[in-house]
Amino acid sequence: MKKTNEVNVDSSSDKETLPAEDSQMPPIDFSFVLASSVHDMKNSLGMLLNTVAAMVESSPPKDAEQAKFFSTLEYEAARINGELVQLLSLYRMDEKTLVVVIDEHHVADIIEEQIARNDTLLRSRDIQVQVDCDPDLGWYFDNELIGGVLNNLVVNCARYCRNQLLIRVIEENGFLCIAVADDGQGYPQSMLLGSLPQAAVSFGSGNTRLGLLFARKVLELHKSKKGQGYMTIANDGPLGGGVLKLYLP
């Protein structure tokens, strides 16, 4: 009987090997991923702010320490929410997907909306807000974008002013001027750069100047035959502190 020699055949050599590049996933668009994440975080923070406001309304603080705790919580949540909105808007500006709707609005209504939006925060810090604006004054602008700029200013003033905030609106050289003044220590010298504030970013202090960049970009989106929107920053305002002026054509 003949002995049969068994031969092992490695069939792997017969398999077709795909090029490495064909098996890779397409590159991730991190700007889109970040924008989507920012949008989700913004919505969650909005719900948190509403919850905090409802909680304070139904169960007022029992003492000054508790009031300060709620005030800090609301301020930080409002600040982060505002920065997320600004980031998302700046991304859309860069992608040329931001929809700008210029229409006529009563200026006083937009201001009162932002004050009401931050009512709990302002009351908890005992900040008195004075508005000097003709109730019948109308102007053409995007109310969502300008409202966002004003909201950011009100939230920041709640942190840096002592207890007074003044919002004054006038017509100046054919432009609408919305001046936001406080009784704080004023703006640092590095920010007093006229109509185009571009001070250095400070990650150590947490001040990235994002609010200024957002405000400047929003104002520049408003254009007419008179020119485009701009802003100025100064100290020694009507309340003794800083004053930031928004100009709309």
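Side chains included, hydrogens not; waters and symmetry mates left out as well; all remaining heavy atoms used.
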*Asks:* Taking side chain as C-beta onward, heavy atoms only, is His222 less than 4.5 Å from Pro249?
*Replies:*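 When only atoms from C-beta onward are counted, Pro249 and His222 do touch, with a gap below 4.5 Å.
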*Asks:* Closest heavy-atom contact between Lys245 and Ala179?
*Replies:*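 Result for this residue pair: CG-CB, 3.8 Å.
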*Asks:* So, for Phe175 and Lys226, which heavy atoms are closest and what is the spacing to 0.1 Å?
*Replies:*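 Where Phe175 meets Lys226 most closely, the heavy atoms are CZ-O, 3.9 Å.
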*Asks:* What do the steps show when you test Glu113 against Arg117 for salt bridge (Lys or Arg N to Asp or Glu O under 4.0 Å), and what is the final call?
*Replies:* CA-CA 6 Å; Glu113 284 176 11; Arg117 183 176 175 182; over 6 Å; no
*Asks:* Under 6.0 Å from the CD atom of Glu57, do we count more than 12 heavy atoms belonging to anything else shown?
*Replies:*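 Check fails, neighbour count at 12 or below.
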*Asks:* Tell me whether the count of non-hydrogen atoms from other residues, nucleotides or ligands lying under 6.0 Å of CG in Asp63 goes above 12.
*Replies:*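 Enclosed: over 12 neighbouring heavy atoms sit under 6.0 Å from CG of Asp63.
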*Asks:* I'd like to check Leu153 versus Gln114 (side-chain heavy atoms, cut-off strictly below 4.5 Å). Are they in contact?
*Replies:*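 Leu153 does not reach Gln114 side chain to side chain.
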*Asks:* Which pair of heavy atoms, one from Ile115 and one from Leu122, lies closest together, and at what distance?
*Replies:*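 Reported closest heavy-atom pair: O-CD1, 3.9 Å.
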*Asks:* Report yes if some heavy atom in the side chain of Leu246 is under 4.5 Å from a heavy atom in the side chain of Leu150; otherwise report no.
*Replies:*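 Yes; the side chains approach each other to less than 4.5 Å.
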*Asks:* Tell me whether the rings of Tyr247 and Tyr230 are parallel (<30°), tilted (30 to 60°) or perpendicular (>60°).
*Replies:*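 Judged by the thresholds at 30° and 60°, the geometry between Tyr247 and Tyr230 is parallel.
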*Asks:* Atom CD of residue position Gln185 - does it have more than 12 heavy atoms of other residues, nucleotides or ligands inside 6.0 Å?
*Replies:*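 Not more than 12 within 6.0 Å, no.
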*Asks:* Can you tell which of Val129, Asp183, Val180, Leu239 makes a side-chain contact (heavy atoms from CB on, under 4.5 Å) with Leu166?
*Replies:*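 Testing each of Val129, Asp183, Val180, Leu239 against Leu166, the sole residue satisfying side-chain contact (heavy atoms from CB on, under 4.5 Å) is Leu239.
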*Asks:* Do the non-hydrogen side-chain atoms of Leu221 and Leu98 ever get within less than 4.5 Å of each other?
*Replies:*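 Side chain of Leu221 against side chain of Leu98, heavy atoms only: contact under 4.5 Å found.
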*Asks:* Are the side chains of Leu88 and Arg92 in contact, using a 4.5 Å heavy-atom criterion?
*Replies:*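 The answer is yes, as the side chains (C-beta and beyond) meet within the 4.5 Å cut-off.
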*Asks:* Any side-chain heavy-atom pair from Gln128 and Asp126 closer than 4.5 angstrom?
*Replies:*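 Yes - at least one pair of side-chain heavy atoms lies under 4.5 Å apart.
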*Asks:* Any side-chain heavy atom of Asn143 within less than 4.5 Å of one from Asp109?
*Replies:*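 With C-beta onward as the side chain, the pair stays apart.
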*Asks:* Evaluate the criterion side chain to side chain contact (heavy atoms under 4.5 Å, CB included) for residue pair Asp134 and Val169; output intermediate values, then yes/no.
*Replies:* CA-CA 8 Å; Asp134 182 349; Val169 182; over 6 Å; no
*Asks:* Any ring pair (Phe, Tyr, Trp, His ring centres under 6.0 Å) involving residues 118-139? Give me the pairs, sequence neighbours left out, ordered by first then second residue.
*Replies:*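 Every pair satisfying ring pair (Phe, Tyr, Trp, His ring centres under 6.0 Å) with a residue in residues 118-139: there are none.
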*Asks:* Between Leu212 and Met231, is there a side-chain heavy-atom distance shorter than 4.5 Å?
*Replies:*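 Yes. Closest side-chain heavy atoms under 4.5 Å.
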*Asks:* Given the rule that I, L, V, M, F, W and Y join up when any side-chain heavy atoms are under 4.5 Å apart, are Leu248 and Phe214 in one cluster?
*Replies:*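 In one cluster: yes.
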